[in-house]
Amino acid sequence: VNLQSEFIQKGIDFDFPKLNEIGQLKTTYFAFDTTNSNIRQIFNEKTKTIVYDISAEINADRDLGSTGFINNESYFTVNVAVEVPLHGSVKDVVLTDTVSFDASRFKDIESGELKMLITNDFPADIELQLYLLDDQGSQITQLMDEGPLVISSPGIGPDGRANAPQEKVHFIPLSANKISNLKNAKTIAIVGKLNTTNSQSGQTLWIYDDYGIGLKLGALVNLKN
């Protein structure tokens, strides 16, 4: 699907340093959106790859009254990014991440507990579980025996975005069996399940790319003599 817009044909004017601004950089931002292009159609076609080719023409309007300069340090760069905020509903979407784990720190532990500090930016509740993985990436055990921990939504503000998240603290007792499993772990997998159909706004809301789950994990332990 080709991008269609009047700006594809007539081009985009970008800013540049004037004669009294030699050595400075000028930045121009331009967005193809639903008001000036068929970008909606492109993404409705489940686009996976975007191929682009950009050419530039100096003084495209042939304005003889315009005076500029080019020296051996002159250049321009073009950075292209795609931003697609999601407005809709999702059910049981799984978000995952993994972090490496240094098991050597647990070799002399007799007892203790893990302390989790969690924040939720999403405008919906999230079910969170942590898994210990071995060096082959296979699951050893889950850290929370009682099942996933529910992290409440921070709620939605008048601008439609999620409010500032509240921190939640949760403790995980370290039994002898769990300590043994920790010693064999190489990675911790963090798994969150997102369900917006039970959200504050009903079944549809905005999901932005700066939303996420924050997790800090520490240990309070008793060491062997």
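- Screening residues 149-169 for salt bridge (charged side-chain N to carboxylate O under 4.0 Å, His left out) gives Arg161-Asp210 as the qualifying pairs, with residues at least two apart or on separate chains.
- Looking only at side-chain heavy atoms (C-beta outward), Leu128 and Pro148 stay at 4.5 Å or farther from each other.
- The nearest pair of heavy atoms linking Asp121 to Pro165 is OD1-CG, 3.1 Å.
- Note: Ile109 CD1 to Leu223 CG = 6.5 Å, rounded to the nearest 0.5 Å.
- No side-chain heavy atom of Gln136 sits under 4.5 Å from any side-chain heavy atom of Lys186.
- For the atom pair Phe122 CZ and Ile151 CD1, the distance stands at 13.0 Å (nearest 0.5 Å).
- Evaluation of the salt bridge (charged side-chain N to carboxylate O under 4.0 Å, His left out) rule for Asp61 yields no partner, not counting sequence neighbours.
- Taking the side chain as every heavy atom from C-beta outward, Ile8 and Leu3 approach each other to under 4.5 Å.
- Only one option out of Leu133, Asp134, Leu132 pairs with Gln139 in a side chain to side chain contact (heavy atoms under 4.5 Å, CB included); it is Leu133.
- Remark: Leu217 engages Leu114, Met116, Leu130, Ile188 in a side chain to side chain contact (heavy atoms under 4.5 Å, CB included) (not counting sequence neighbours).
- Contact of the Ile22 side chain with the Asn71 side chain is registered, since non-hydrogen atoms from C-beta on lie closer than 4.5 Å.
- Of all non-hydrogen atoms in Asn195 and Ala124, the two that sit nearest each other are O-CB, 3.8 Å.
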- Please report the C-alpha distance between Asp15 and Lys18 in whole Å, then the side-chain angles of each, then the deciding distance to 0.1 Å, and finally whether the salt bridge (charged side-chain N to carboxylate O under 4.0 Å, His left out) criterion is met. CA-CA 9 Å; Asp15 200 6; Lys18 306 302 187 291; 3.5 Å; yes
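- By the neighbour-count criterion of 12 heavy atoms within 6.0 Å, atom CD of Glu73 is sparsely surrounded, having that number or fewer from other residues, nucleotides or ligands.
- For Glu110, the side chain to side chain contact (heavy atoms under 4.5 Å, CB included) partners two or more places apart in sequence, or in a different chain, are Lys224.
- Tyr29 shares a hydrophobic cluster with no other residue; no ILVMFWY side chain has heavy atoms under 4.5 Å from its own.
- Counting heavy atoms of neighbouring residues, nucleotides and ligands inside a 6.0 Å radius, atom CG of Asp13 does not exceed 12 of them.
- Here Gln4 pairs with Asn38 under the side chain to side chain contact (heavy atoms under 4.5 Å, CB included) rule; sequence neighbours left out.
- Every side chain to side chain donor-acceptor pair (under 3.5 Å) that Asp145 has, sequence neighbours left out, goes to Lys178.
- Applying the side chain to side chain donor-acceptor pair (under 3.5 Å) criterion to Glu21, with sequence neighbours excluded, gives Lys26.
- No donor-acceptor contact under 3.5 angstrom links the side chains of Asn177 and Ser175, judged on distance only.
- For Phe32, the CZ atom counts as densely surrounded, since its 6.0 Å shell holds more than 12 non-hydrogen atoms of other residues, nucleotides or ligands.
- Checked by atom type and distance alone, the side chain of Asn120 pairs as donor or acceptor with a backbone atom of Ser152 at under 3.5 Å.
- Nearest heavy atoms, Ser5 versus Asn36: OG-O, 2.7 Å.
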Give the table of side-chain donor-acceptor pairs shorter than 3.5 Å for residues 53-60, with sequence neighbours excluded, one pair per line with atom names and distance.
{"from": "Glu57", "atom 1": "OE2", "to": "Arg62", "atom 2": "NH1", "distance (Å)": "2.9"}
{"from": "Glu57", "atom 1": "OE2", "to": "Arg62", "atom 2": "NH2", "distance (Å)": "3.1"}
{"from": "Asn59", "atom 1": "OD1", "to": "Asp63", "atom 2": "N", "distance (Å)": "3.0"}
{"from": "Asn59", "atom 1": "ND2", "to": "Asp63", "atom 2": "O", "distance (Å)": "3.2"}

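- The local environment of CZ in Phe30 is crowded, with over 12 non-hydrogen atoms from other residues, nucleotides or ligands closer than 6.0 Å.
- Listed by chain and residue number, Asn222 satisfy the side chain to side chain contact (heavy atoms under 4.5 Å, CB included) test with Ser111 (two or more places apart in sequence, or in another chain).
- Judged as a side chain to side chain donor-acceptor pair (under 3.5 Å), and not counting sequence neighbours, Ser138 has no contacts.
- Between Tyr131 and Ile140, the closest side-chain pair of non-hydrogen atoms is not below 4.5 Å.
- Taking the side chain to side chain donor-acceptor pair (under 3.5 Å) definition, one finds that Asn44 meets it with nothing, sequence neighbours left out.
- Atom-to-atom distance recorded for Leu149:CG and His170:NE2 is 5.0 Å, nearest 0.5 angstrom.
- The closest side-chain heavy-atom distance from Leu220 to Phe171 is below 4.5 Å.
- Closest heavy-atom contact between Val94 and Val191: CG1-CG1, 3.6 Å.
- For Asn2, the CG atom sits in a loose shell: 12 or fewer heavy atoms of surrounding residues, nucleotides or ligands are nearer than 6.0 Å.
- Looking only at side-chain heavy atoms (C-beta outward), Ile50 and Val82 come within less than 4.5 Å of each other.
- When side chains are defined from C-beta on, Phe14 does not count as touching Thr27, because their heavy atoms never get closer than 4.5 Å.
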